[in-house]
Amino acid sequence: MTLIDPHGNAGTYHPLRGGHELPVLETLSAVVELCSSHDDVYLRFSYAPDDRDDTGRRERESGYLLPGVPAWPLCPEAWWGAGSRTWVARQLTRRAHLVHGGVEPWLVTGEVRGRGPDCEPLIAGLTPLALVSHKVLAEADESYAAWQTRAFRSLTG
């Protein structure tokens with residue numbers, strides 16, 4: 001078993017509190033596959049996947065109590081016609097800036113309990129599924145940029 005170190009060197013599994021382990025997904029295809037095997041998968045950025053601070057978390061500006069933690073849906077919406085891979089790549093690319101100082105991208109499931117101040121789903125009852133390697137974020141960025149280029153070309157002839 002290879003573990004992840006704080007500097008982002010990915011391995012095979014990441015230890016959780018309580019001795020459980022999660023897979024580290026090393027490719028965009030692996031993330032898409034995991035998403036297709038669950039009804040709802042969310043992308044969450046935190047220091048640990050089992051950071052289950054579902055209660056007692058407050059919104060910074062107002063101080064109001066939040067009913068869950070912020071996360072973003074990774075399963076494509078029915079209206080999205082560009083396929084699962086492009087949707088997942090888009091979501092990862094648009095949120096990659098949230099990786100910093102030990103905060104990592106995790107895939108989780110849970111119950112949507114509301115919306116945050118930026119309309120992101122607030123998830124409670126988290127079940128961690130996997131850690132997303134930083135390598136995947138780079139692959140997602142390349143994949144989404146290539147799709148944008150193709151889409152633009154098809155519109156402009």
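Computed over heavy atoms, backbone and side chain alike; hydrogens, waters and symmetry mates excluded. Counting from 1, the numbers follow the sequence of the chain as shown.
Between Leu25 and Leu131, every side-chain heavy-atom pair lies at or beyond the 4.5 Å cut-off. Glu111 places none of its side-chain heavy atoms less than 4.5 Å from the side chain of Ile123. Under the 4.5 Å side-chain criterion, counting only non-hydrogen atoms from C-beta, Cys35 is in contact with Val88. By the 4.5 Å heavy-atom criterion applied to side chains, Trp106 and Leu129 are not counted as neighbours. A 4.5 Å side-chain heavy-atom check between Gln91 and Pro73 finds at least one atom pair inside the cut-off. Residues Leu43 and Leu107 form a side-chain contact, since some pair of their non-hydrogen atoms from C-beta on lies under 4.5 Å apart. The side-chain heavy atoms of Leu92 and Tyr144, taken from C-beta on, include no pair separated by under 4.5 Å. Between Cys75 and Asp39 the shortest side-chain heavy-atom distance does not fall below 4.5 Å.
Across every non-hydrogen atom of Ala71 and Tyr42, the tightest pair is CB-CB, 3.7 Å. What you find for Ala140 and Ala89 is that their closest heavy atoms are O-CB, 3.6 Å. Gly116 approaches Leu122 most closely through the heavy-atom pair N-CG, 3.5 Å. Closest non-hydrogen pair, Ala82 versus Thr86, comes out as O-OG1, 3.3 Å. Nearest heavy atoms, Leu137 versus Val99: CD1-CG2, 3.8 Å.
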Residues His100, Phe45; criterion side-chain contact (heavy atoms from CB on, under 4.5 Å); working and verdict: CA-CA 9 Å; His100 68 280; Phe45 290 86; over 6 Å; no
Verdict with supporting geometry, Ser46 and Glu104, side-chain contact (heavy atoms from CB on, under 4.5 Å): CA-CA 6 Å; Ser46 63; Glu104 298 290 346; over 6 Å; no
Residues Trp87, Val32; criterion side-chain contact (heavy atoms from CB on, under 4.5 Å); working and verdict: CA-CA 9 Å; Trp87 176 273; Val32 172; over 6 Å; no
Full working for side-chain contact (heavy atoms from CB on, under 4.5 Å) between Thr109 and Asp40: CA-CA 6 Å; Thr109 61; Asp40 289 311; 5.8 Å; no
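Sparse packing is recorded around CD of Glu33, with 12 or fewer heavy atoms of other residues, nucleotides or ligands lying under 6.0 Å away.
Distance alone, capped at 3.5 Å, is enough to place a donor-acceptor pair between the Glu139 side chain and the Leu28 backbone. A donor-acceptor distance shorter than 3.5 angstrom exists from the side chain of Glu120 to the backbone of Asp118, with no hydrogens or angles considered. Formation of a donor-acceptor pair under 3.5 Å by the Thr93 side chain with backbone atoms of Arg90 is not found in this model.
The distance from the OG atom of Ser143 to the CD atom of Gln148 is 10.0 Å, given to the nearest 0.5 Å. Here the CG-CZ distance, from Leu74 to Arg44, works out to 13.5 Å after rounding to the nearest 0.5 Å.
Below 30°, between 30° and 60°, or above 60°: for Trp147 and Trp80 the angle between ring planes is between 30° and 60°, a tilted geometry.
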